[in-house]
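Here the structure comes first, spelled out in structure tokens, and everything after it is commentary.
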Amino acid sequence: MAGSPDRPTFAPLRRERLHDRLATHISNFIDAQGLSAGDRLPSERQLAAELGVSRATLSRALASLESKGRIEVRHGVGALVRSPGGAGELDALASTLTATPRDEVAVAREAVLAGIARAAAANPNDALRAAMLAGDGTTRTFRDTWRCIRHLAHSELLTDLDAMLGASAPDPADSPALEDALARLARAIVRGDAATAATRCDGLLRLSDS
């Protein structure tokens with residue numbers, strides 16, 4: 001009989017909600033693309049269009065990923081990938097940035113960028129450095145260039161610091177002057193010249209201010 005205490009019963013099947021499946025899909029995309037801490041996901045509008053879901057569903061999926069420490073959503077910046085287990089370690093520093101002048105934060109971020117550039121130039125794989133940063137004739141943007149540099153540097157701590165400082169000292173606007181500066185930086189990294197690569201970061205974020 002159905003009510004017999006000796007008969008095993010099945011737990012009800014749980015239907016996974018759409019935003020949960022979507023969160024898993026985005027997490028798998030992060031892994032498949034080799035995105036690291038500090039990398040930005042496409043905008044919510046673009047993600048919703050590409051994935052064929054509503055903005056509301058996407059927002060719930062991103063909130064789920066943020067609660068798990070997989071990403072961090074910042075107003076005016078977007079969704080940033082976080083390093084595993086990295087949530088919370090730098091919260092004390094983050095709380096002071098809103099009261100710090102932008103120029104001061106920019107100088108601090110440039111120092112972090114210099115460390116990342118130095119680590120990237122020290123990457124022992126010459127072919128990988130050339131493949132990721134050698135010029136191919138296309139316009140060099142800040143976002144794409146630094147995504148490659150961060151991958152070459154492979155430093156989660158520096159990348160987390162850069163992402164945090166970037167909320168108060170955002171990326172500079174792309175311009176011919178910035179493109180030239182990025183090309184010089186990229187060539188130094190491709191050569192494996194760590195000292196020059198670090199020096200090329202001085203003033204990089206303030207080019208658009210001049």
If we ignore hydrogens and angles and just use 3.5 Å, is the side chain of T145 paired with the main-chain N or O of T141 as donor and acceptor?
yes
Using modelled atom types only, decide if a donor and an acceptor are shared between the side chain of R109 and the backbone of L165 within a distance under 3.5 Å.
no
[atom1]/[X] to [atom2]/[Y] distance, rounded to the nearest 0.5 angstrom?
X: L65; Y: H19; atom1: CG; atom2: NE2; result: 10.0 Å
X: H151; Y: I116; atom1: NE2; atom2: CD1; result: 12.0 Å
X: L204; Y: R206; atom1: CG; atom2: CZ; result: 9.5 Å
X: E50; Y: L58; atom1: CD; atom2: CG; result: 10.5 Å

Residues which pass side-chain hydrogen bond (donor to acceptor under 3.5 Å, both in side chains) with [X], listed by chain and number, not counting sequence neighbours:
X: N123; value: none
X: T199; value: none
X: S27; value: R70
X: T139; value: none

Audit row: E179, D174, side-chain contact (heavy atoms from CB on, under 4.5 Å) steps and yes/no
CA-CA 7 Å; E179 184 180 356; D174 290 316; over 6 Å; no
With heavy-atom distances below 4.5 Å as the criterion, would you say the side chains of [X] and [Y] are in contact?
X: R140; Y: D144; answer: no
X: L62; Y: I26; answer: yes
X: V73; Y: I71; answer: yes
X: N125; Y: L152; answer: no

Heavy-atom closest pair, residues [X] and [Y]:
X: L158; Y: V112; value: O-CG1, 3.4 Å
X: A121; Y: A194; value: CB-CA, 3.6 Å
X: L178; Y: P172; value: CD2-CG, 3.7 Å
X: A117; Y: A197; value: CB-O, 3.8 Å

Contacts of E66 meeting salt bridge (charged side-chain N to carboxylate O under 4.0 Å, His left out) (sequence neighbours excluded), chain-then-number -> none
Check against side-chain contact (heavy atoms from CB on, under 4.5 Å), M132 and I149:
CA-CA 8 Å; M132 296 194 77; I149 293 174; over 6 Å; no
Step by step, would you call F29 with L51 a side-chain contact (heavy atoms from CB on, under 4.5 Å)?
CA-CA 12 Å; F29 171 83; L51 294 168; over 6 Å; no
Got a sec, which residues hit side chain to side chain contact (heavy atoms under 4.5 Å, CB included) with A119, two or more places apart in sequence or on another chain?
A153
If the condition is side chain to side chain contact (heavy atoms under 4.5 Å, CB included), which residues does S54 pass it with, not counting sequence neighbours?
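Scan of S54 (side chain to side chain contact (heavy atoms under 4.5 Å, CB included), adjacent residues dropped) gives A56, T57.
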Sequence neighbours excluded - salt bridge (charged side-chain N to carboxylate O under 4.0 Å, His left out) pairs with any residue from residues 121-135
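Counting only pairs at least two positions apart or across chains, the salt bridge (charged side-chain N to carboxylate O under 4.0 Å, His left out) contacts touching residues 121-135 are D126-R129.
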With a 4.0 Å cut-off on N to O distance, would you call R82 and E72 a salt bridge?
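Yes, charged N to carboxylate O under 4.0 Å.
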Say whether W146 and V107 are linked into one hydrophobic cluster, either directly or through other cluster members, by side-chain heavy-atom distances under 4.5 angstrom.
no
Please set out all donor-acceptor pairs under 3.5 angstrom arising from side-chain atoms of residues 38-45, sequence neighbours excluded.
from, atom 1, to, atom 2, distance (Å)
D39, OD1, R150, NE, 3.4
D39, OD1, R150, NH2, 2.7
D39, OD2, S36, N, 2.9
R40, NH1, D171, OD2, 3.0
S43, OG, Q46, N, 3.2
E44, OE1, S59, OG, 3.2

Could you pull out all donor-acceptor pairs under 3.5 Å where a side-chain atom in residues 180-192 meets a protein atom, sequence neighbours excluded?
from, atom 1, to, atom 2, distance (Å)
D180, OD2, R184, NE, 3.0

